[in-house]
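Just below is one structure, and these are the notes that go with it.
When a ligand or atom number is given, it counts from 1 through the structure's own listing order. All values reported here derive from a predicted model rather than from experimental measurement.
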Amino acid sequence: MADSENQKFCLQEVLESFKSCLSPEKEIYIEHYVSGWRGLVKLLNSLGSLFGFISKDAVSKTQILMNFLKSENGPHYATVQSMVKFELDNELVDVDKKGIYPESGCRTLLRLHRALRWLQLFLERLRTSKEDDKTSVMCRDAYNESLAQHHPWLIRKSAGVAFYSLPVRLAFFEVMNVGTPEQVVDVLGKAVPLLCEVYQITEELYQKHNLHDLP
Ligand code: 1PW
């Protein structure tokens, strides 16, 4: 595990990464998208061993994208838009569902994109939650509304078990590492719309190119 993944999670840091990932033309820089995810991995790592399989998958997917960025084709992977164009133009994507490119940038980012929706729904529930609301229920409801439909039974079951181990609301606010509960709610109020914007831009791009069912 890289050192940066052992460091303490900070919601503000993740917010900054997702902020930097939007260009003035609303293109999404993969480098900053990945660093946003690396920040989220710190959160997952702080949640205990039951979240290990989730963290591992997020790490492996961010690593695949980083490897593309560092490769000789790196410049084509600068933004999500340029990656989609490059992989489609060069037939590096399983658009016909043959599974020849199980680690294409497009299918890898699709998994993170779906997970981002989960995160967005969860953080919005957290932001508007009341004192007695349960983080496990918020997380489960957000998951069932989004990512769960893409996961087989075993993963859904393991995720459900992990959610039960989430810290209670106030302790979870402390994990966010941005100050008082009011400050957490304030930062969440900035983070959620930003995640939503990044999600929507990717969603429309994938819809336009019919990439939503990549195996
Ligand atoms: C409490 C904070 C919540 C943060 C949520 C972000 C975590 C997202 C990662 C979910 C991973 C679940 C376990 C892995 C499942 C993979 O099989 C699956 N990956 C995802 C991201 O859905 C599909 O990837 P695959 O097997 O097609 O390569």
Side-chain angles (χ1 to χ4, degrees), residues 5 8-11 13-15 17-18 33-65 67-68 93-94 97-127 129 133-169 171-177 184 187-188 191-192 195-196 198-199 202-203 206 211-215:
E5 281 146 25
K8 212 168 169 194
F9 172 74
C10 175
L11 181 62
E13 240 175 66
V14 170
L15 175 64
S17 295
F18 280 104
Y33 191 92
V34 165
S35 85
W37 270 101
R38 291 264 156 114
L40 291 169
V41 164
K42 290 185 207 168
L43 168 65
L44 293 167
N45 288 344
S46 72
L47 295 175
S49 58
L50 290 175
F51 279 84
F53 79 106
I54 299 182
S55 162
K56 237 184 183 164
D57 187 64
V59 168
S60 105
K61 297 214 165 19
T62 54
Q63 197 53 55
I64 292 171
L65 293 176
N67 290 345
F68 279 126
V93 192
D94 286 317
K97 325 244 171 333
K98 286 204 179 115
I100 300 169
Y101 298 107
E103 294 202 342
S104 69
C106 287
R107 69 87 62 192
T108 301
L109 191 114
L110 176 62
R111 270 55 183 183
L112 291 177
H113 167 68
R114 289 170 178 163
L116 199 66
R117 173 86 178 140
W118 169 25
L119 184 76
Q120 177 202 321
L121 293 174
F122 172 54
L123 294 184
E124 179 56 12
R125 279 176 164 80
L126 198 64
R127 187 182 74 83
S129 61
D133 288 344
K134 289 196 159 60
T135 43
S136 57
V137 172
M138 293 183 241
C139 195
R140 186 200 62 201
D141 289 351
Y143 177 72
N144 286 342
E145 225 180 273
S146 54
L147 203 49
Q149 47 200 286
H150 302 287
H151 287 166
W153 180 86
L154 189 62
I155 291 188
R156 290 203 306 268
K157 211 68 199 154
S158 313
V161 172
F163 299 159
Y164 272 116
S165 74
L166 278 175
V168 296
R169 184 175 171 274
F172 198 86
F173 275 12
E174 270 173 39
V175 174
M176 298 282 122
N177 199 15
V184 174
V187 178
L188 284 175
V192 174
L195 294 179
C196 190
V198 172
Y199 177 85
T202 315
E203 182 71 8
Y206 271 61
L211 295 173
H212 269 304
D213 296 319
L214 292 180

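- Nearest-residue assignment for atom 10 (C) of ligand 1 (options I54, L112, L123; heavy-atom criterion): I54.
- For ligand 1, the atoms sitting less than 4.0 Å from at least one non-hydrogen atom of L147 are 10 (C), 22 (O), numbered in the order shown with element in parentheses.
- Which parts of ligand 1 touch K61 is read off a 4.0 Å heavy-atom cut-off, strictly below it: atoms 24 (O), 25 (P), 28 (O).
- The nearest pair of heavy atoms linking P167 to L47 is CD-CD2, 3.9 Å.
- By the 4.0 Å N-to-carboxylate-O rule, R117 lies too far from E203 to be salt-bridged with it.
- Proximity to R111 (heavy-atom distance under 4.0 Å) selects the following atoms of ligand 1: 21 (C), 23 (C), 24 (O), 27 (O).
- Among all non-hydrogen protein atoms, the one lying nearest atom 16 (C) of ligand 1 is D57 OD2, 3.7 Å.
- With ligand atoms numbered from 1 in the order given, ligand 1 contributes 13 (C) to contacts under 4.0 Å with heavy atoms of F53.
- Counting protein heavy atoms under 4.0 angstrom from atom 26 (O) of ligand 1 gives zero.
- Looking at heavy atoms from C-beta onward, M176 lies in side-chain contact with L43 at the 4.5 angstrom threshold.
- Between the S165 side chain and the V161 main chain, no donor and acceptor come within less than 3.5 Å of each other.
- Using modelled atom types and a 3.5 Å distance limit, the side chains of R156 and Q149 yield no donor-acceptor pair.
- Taking the ring centroids of F163 and F122, they lie at or beyond the 6.0 Å cut-off.
- Under the rule for a side-chain hydrogen bond (donor to acceptor under 3.5 Å, both in side chains), Q120 has no partner lying at least two apart in sequence or in another chain.
- A 6.0 Å sphere centred on CD of E145 holds more than 12 heavy atoms belonging to other residues, nucleotides or ligands.
- At a heavy-atom distance under 4.0 Å, only side-chain atoms of H151, from C-beta outward, approach ligand 1.
- Annotation: atom 17 (O) of ligand 1 to nearest protein heavy atom, I155 CD1, 3.4 Å.
- In summary, the atoms of ligand 1 found under 4.0 Å from a heavy atom of L119, numbered by their order in the structure, are 4 (C).
- Counting the atoms of ligand 1 from 1 in the order shown, those under 4.0 Å from a heavy atom of F122 are 1 (C).
- Residue-ligand proximity, W37 to ligand 1, at heavy-atom distances under 4.0 Å covers atoms 6 (C).
- Contact of the N45 side chain with the F9 side chain is not registered, since no non-hydrogen atoms from C-beta on lie closer than 4.5 Å.
- Ranking protein heavy atoms by distance to atom 2 (C) of ligand 1, first place goes to L43 CD2, 4.0 Å.
- Close approach of ligand 1 to A115 (heavy-atom distance below 4.0 Å) involves ligand atoms 8 (C).
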